[in-house]
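Residues: numbered from 1 along the sequence shown.
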Amino acid sequence: MTILSPLDKDYPRRLALLDAPPVVYASEPPSIGSDLCVLFSGTRRPDHQAFHDAWVWSLRFARLGWRVVTSLEGGCDLAVRRALASSAFKPIVTVAGELPKSRDETMVLVSPFPEGTNRCRETLLGRNAFSASLCHLTVIVQAPMHSGSLLVARDALDSGGEVLLLPCAVGNGVQHAGGNRLREEGAPILRGCVNRTSFVVDFAYGSD
């Protein structure tokens, strides 16, 4: 296990900006001090299109040089982990509690919680805020109205990050309600990548 404090040179730069930067526990050195990080977050019950898009877009960002961050949850997050496991890119995977005893060499596990911390509602919320604070950009794949991904988007905006929606996040039906709300509030829809830091977006109703 690697333990990083805010005084360490490899400590994630965005976390160091927090009022109370957490100690970071990692399965191996995460090497994300100055890298651009993008968080992919989405429902545990995505439709086929959302699962496909999470897979494709996470690979696209990784190939552009971004460090991709997601969680150990299922659904959209599972699509991201599987996509990167089949490539040369290791995702940063955040954990809502202590690090698992077993290790998976296809990912780097990180947590703001010490050994002995059990997963619960409070650690899930803490994990969400930690993940969002770690990343410059948060991409919402698909989110119902009462969704952890909607809270992740709020945390990202509160920490000064940017939130983008994949096209599959908006539409008709319960799985799109959270994405529709974010779009109405001003979150742009991601349509394409020009280069590593320039994107093609549709600005939302709240920005018109």
Side-chain angles (χ1 to χ4, degrees), residues 36-64 66-87 89-96 104 106-109 119 124-125 127-132 134-157 161-194 199-207:
L36 286 172
C37 293
V38 54
L39 171 64
F40 278 81
S41 183
T43 175
R44 299 176 195 176
R45 296 181 177 85
D47 59 27
H48 176 78
Q49 187 64 53
F51 194 91
H52 170 270
D53 288 358
W55 185 298
V56 169
W57 277 98
S58 58
L59 271 177
R60 194 169 293 173
F61 270 86
R63 288 168 179 156
L64 284 171
W66 289 71
R67 285 306 298 270
V68 175
V69 178
T70 192
S71 81
L72 270 180
E73 307 299 337
C76 294
D77 297 11
L78 174 62
V80 172
R81 297 197 308 275
R82 285 185 176 173
L84 297 188
S86 66
S87 71
F89 306 105
K90 270 191 179 184
I92 304 294
V93 177
T94 56
V95 179
D104 185 333
T106 65
M107 63 185 75
V108 181
L109 298 174
R119 174 188 168 103
L124 284 167
L125 294 174
R127 189 273 317 276
N128 289 350
F130 171 75
S131 302
L134 186 63
C135 296
H136 304 76
L137 177 63
T138 294
V139 175
I140 301 299
V141 182
Q142 199 171 69
M145 187 61 74
H146 302 291
S147 164
S149 295
L150 206 56
L151 298 177
V152 167
R154 307 295 187 209
D155 288 331
L157 294 171
E162 185 179 359
V163 173
L164 296 178
L165 306 171
L166 291 189
C168 59
V170 297
N172 298 319
V174 240
Q175 293 295 73
H176 303 93
N180 291 340
R181 170 66 62 83
L182 290 171
R183 178 162 169 78
E184 289 168 1
E185 293 175 358
I189 295 179
L190 178 61
R191 296 295 184 184
C193 300
V194 177
F199 308 105
V200 179
V201 299
D202 287 344
F203 285 101
Y205 303 129
S207 298

Distance (rounded to the nearest 0.5 Å) between Thr43 OG1 and Glu73 CD: 10.5 Å

Inter-residue atom distance Arg82.CZ - Thr106.OG1, 0.5 Å rounding: 11.5 Å

Once rounded to the nearest 0.5 Å, what's the spacing between atom NZ of Lys90 and atom CG of Asp104? 8.5 Å

Answer whether the closest heavy-atom distance between the side chains of Leu166 and Val139 falls below 4.5 Å. yes

Given 3.5 Å as the limit, does a donor-acceptor pair link the side chain of Asn180 with the main chain of Gly171, or not? yes

With rounding to the nearest 0.5 Å, note down the distance linking CG in Leu182 to NE2 in His176. 13.0 Å

If you take all heavy atoms of Leu125 and Asp155, which pair is closest and at what distance? O-OD2, 4.5 Å

Looking at Gln142 and Cys168, what are the two nearest heavy atoms and their distance? NE2-O, 3.1 Å

Of Ser41, Ser149, Ser58, Pro46, which is the lone residue that meets side-chain contact (heavy atoms from CB on, under 4.5 Å) with Cys76? Pro46

What is the ring orientation for Trp66 with Phe61, classed by angle as parallel under 30°, tilted 30 to 60°, or perpendicular over 60°? perpendicular

Heavy-atom distance under 4.5 Å between the side chains of Val163 and Arg154, does that happen here? no

Given Thr70, which partner from the list Val93, Val141, Ile92 fulfils the side-chain contact (heavy atoms from CB on, under 4.5 Å) test? Val93

Show the nearest heavy-atom pair for residues Leu59 and Ala83, with the distance to one decimal. CD2-O, 3.8 Å

Going through the checks in order, is the side-chain contact (heavy atoms from CB on, under 4.5 Å) test met by Leu150 and Met145? CA-CA 7 Å; Leu150 206 56; Met145 187 61 74; 4.0 Å; yes

Is the backbone of Ser71 close enough, under 3.5 Å, to the side chain of Arg81 for a donor and an acceptor to pair up by distance? yes

Applying side-chain contact (heavy atoms from CB on, under 4.5 Å) to Cys193 and Trp57, what does each step give before you reach the verdict? CA-CA 10 Å; Cys193 300; Trp57 277 98; 3.6 Å; yes

Report the distance from atom CZ of Arg183 to atom CG of Leu164, rounding to the nearest 0.5 Å. 12.0 Å

What are the two closest heavy atoms between Gly42 and Asp77, and how far apart are they? N-OD1, 3.5 Å

Taking ring-ring contact (aromatic ring centres under 6.0 Å, His included) as the test, write out the residues that go with Phe89, two or more places apart. none

List for me each residue that meets ring-ring contact (aromatic ring centres under 6.0 Å, His included) alongside Trp55, sequence neighbours excluded, and say none if there are none. none

Chi angles and distances behind the side-chain contact (heavy atoms from CB on, under 4.5 Å) call for Glu162, His136: CA-CA 7 Å; Glu162 185 179 359; His136 304 76; over 6 Å; no

Identify the heavy atoms of Val69 and Cys135 that sit nearest to each other, and give their distance. CG2-SG, 3.5 Å

Closest non-hydrogen atom pair between Ala96 and Leu124, with its separation: CB-CD2, 3.7 Å

Given side-chain contact (heavy atoms from CB on, under 4.5 Å), test Met107 with Val80 step by step and report yes or no. CA-CA 11 Å; Met107 63 185 75; Val80 172; over 6 Å; no

Looking only at atom types and distance, does a side-chain atom of Thr138 sit under 3.5 Å from a main-chain N or O of Leu39, one as donor and one as acceptor? no

Neighbour count >12 (heavy atoms, 6.0 Å) for atom CZ, Arg181: no

